[in-house]
Engineer: 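For reference, the structure I am asking about is given below.
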There are 2 protein chains.
Amino acid sequence: MSARDARDVALETIQRELTAVARRARATAAQMHPELSLVAYTILAHIEEQQGCRATDLAAHYLLDKSTVSRQVAALERLGLIERRVDPSDHRVQVLHLARHGNEILATARASRRETFEARLRDWDREDLTRFAADLVRYNVDAASHP
Amino acid sequence: MSARDARDVALETIQRELTAVARRARATAAQMHPELSLVAYTILAHIEEQQGCRATDLAAHYLLDKSTVSRQVAALERLGLIERRVDPSDHRVQVLHLARHGNEILATARASRRETFEARLRDWDREDLTRFAADLVRYNVDAASHP
DNA sequence: CTGATATCGTTGTACTATACAACTCTCGGG
DNA sequence: CCCGAGAGTTGTATAGTACAACGATATCAG
């Protein structure tokens, strides 16, 4: 097999397997946590990681329309998982923070999610994992610059 | 950093990056081909690869409800991309095949999709690609057995 | 052969996530 | 002070999905 062919085969495989990843993420999303969709989980995690953020930030980061984010955020607020605090220095802006219940829910969801991945990746040794993680990061960086 | 920590960091990274992959796939899906959603593309590709398949097979393979598949298939038939042929040996079954137009559309969609991935992965050398492809396959196998 | 059970697919219904467009409120610069 | 730009909300439409009820066909036990 020529180098050209090997490259083509790998490209084809990567396409197919990444599609499978996306499909699985969708199918698994619902049963993550009874109270938390995958989008909701992602938003909570982002807010925690950023120590508070604006709805516009979420929209930009997740390639979503601001109206979509607005509704997701409203739902999370209704559930008492997040709070909005109007930015005192700019009253157009609402900074989102985790509410206490949001912290709790996020912690349990994260734990259960982690268990899932632990189970899936149990047979991988440390080098395999770090290499795979690095490759995924690299792929996402490249994908972001070649949309 | 202990081995335990390295493992944890890698696990966390893999979770986050795989979620990003799913998010990107969703956002990119629409603009793949004017006439073809990501699901539609996937179905066409599956039919081609299997040289014809049943709606039930698609549902099982993609973790979708049979009603969902039924509607997707109906839409693809309306567009003239696939044909249904009643299985002569079992009249409950409809075997799906690509119509001529379906073959053409699939070919162009596949080419444009391939270009996208070529661009993204241009800087990867052959070893990087084959290793990444193999890791993705391994991950999906493991994920399938630990849902 | 007949009736019970299972399989394949369709249709009715409802819900969720999403986008786009129009709007309000607020900010900052001439 | 006004006007353009940014943040967020709401109205509307659409796509994708699930669940449940159904009809048609097949299979198997008796």
Engineer: With sequence neighbours excluded, tell me which residues meet salt bridge (Lys or Arg N to Asp or Glu O under 4.0 Å) with A:R16.
Structural biologist: none
Engineer: Extract, from 5' to 3' on DNA chain C, the first and final nucleotides lying under 4.0 angstrom from some heavy atom of chain A.
Structural biologist: C:dA17 to C:dC27
Engineer: I'd like to check the side-chain contact (heavy atoms from CB on, under 4.5 Å) partners of A:S67; sequence neighbours left out, ordered by chain and number.
Structural biologist: A:D65, A:R71
Engineer: Give a yes or no on whether a salt bridge exists between B:R113 and B:E115, defined as a side-chain N under 4.0 angstrom from a carboxylate O.
Structural biologist: no
Engineer: Name all residues meeting the side-chain contact (heavy atoms from CB on, under 4.5 Å) criterion together with A:R110; count only those two or more places apart in sequence or in a different chain, and write none if there are none.
Structural biologist: A:Y41, A:A45, A:E48, A:L106, B:E12
Engineer: Between CZ of A:R120 and CG of B:L18, what distance do you get to the nearest 0.5 Å?
Structural biologist: 8.5 Å
Engineer: Mind checking salt bridge (Lys or Arg N to Asp or Glu O under 4.0 Å) for A:D87 and listing every partner two or more places apart, or none if nothing turns up?
Structural biologist: none
Engineer: Would you call A:D123 and B:R138 a salt bridge, taking side-chain N to carboxylate O under 4.0 Å as the test?
Structural biologist: no
Engineer: How far does the helix from C:dC1-D:dG30 to C:dG30-D:dC1 bend, going by the axes of its first and last five pairs, to the nearest 10°?
Structural biologist: 10°
Engineer: Looking at A:E127 and A:R131, is any side-chain nitrogen of the basic one under 4.0 Å from a carboxylate oxygen of the acidic one?
Structural biologist: no
Engineer: When you look at A:L81 and A:L98, which way does the side-chain contact (heavy atoms from CB on, under 4.5 Å) test go after all the steps?
Structural biologist: CA-CA 6 Å; A:L81 304 185; A:L98 290 187; over 6 Å; no
Engineer: Name every residue in residues 87-99 of chain A that has at least one heavy atom under 4.0 Å from any atom of DNA chain D, in order of residue number, or write none if there are no such residues.
Structural biologist: A:R92, A:V93, A:Q94
Engineer: Any salt bridge between A:D125 and B:R7, counting N to O under 4.0 Å?
Structural biologist: no
Engineer: Would you please name every residue forming a salt bridge (Lys or Arg N to Asp or Glu O under 4.0 Å) with A:R78, sequence neighbours left out?
Structural biologist: none
Engineer: Would you list the pairs meeting ring-ring contact (aromatic ring centres under 6.0 Å, His included) in which at least one residue belongs to residues 72-92 of chain B, sequence neighbours left out?
Structural biologist: none
Engineer: Salt bridge or not for B:E118 and B:R122, using N-O below 4.0 Å?
Structural biologist: no
Engineer: Taking ring-ring contact (aromatic ring centres under 6.0 Å, His included) as the definition, give me every residue that meets it alongside A:H61, ordered by chain and number, with sequence neighbours left out.
Structural biologist: A:H46
Engineer: Test A:Q94 against every option in A:R54, A:E77, A:R84 by the side-chain hydrogen bond (donor to acceptor under 3.5 Å, both in side chains) rule and name the one that passes.
Structural biologist: A:R84
Engineer: For each nucleotide in nucleotides 10-18 of chain D, reading 5' to 3', give B when a protein heavy atom comes within less than 4.0 Å of its base, S when such contact involves only the sugar-phosphate, and - otherwise.
Structural biologist: BBB---SSB
Engineer: When you measure from every atom of DNA chain D, which of residues 46-54 of chain B have a heavy atom less than 4.0 Å away?
Structural biologist: none
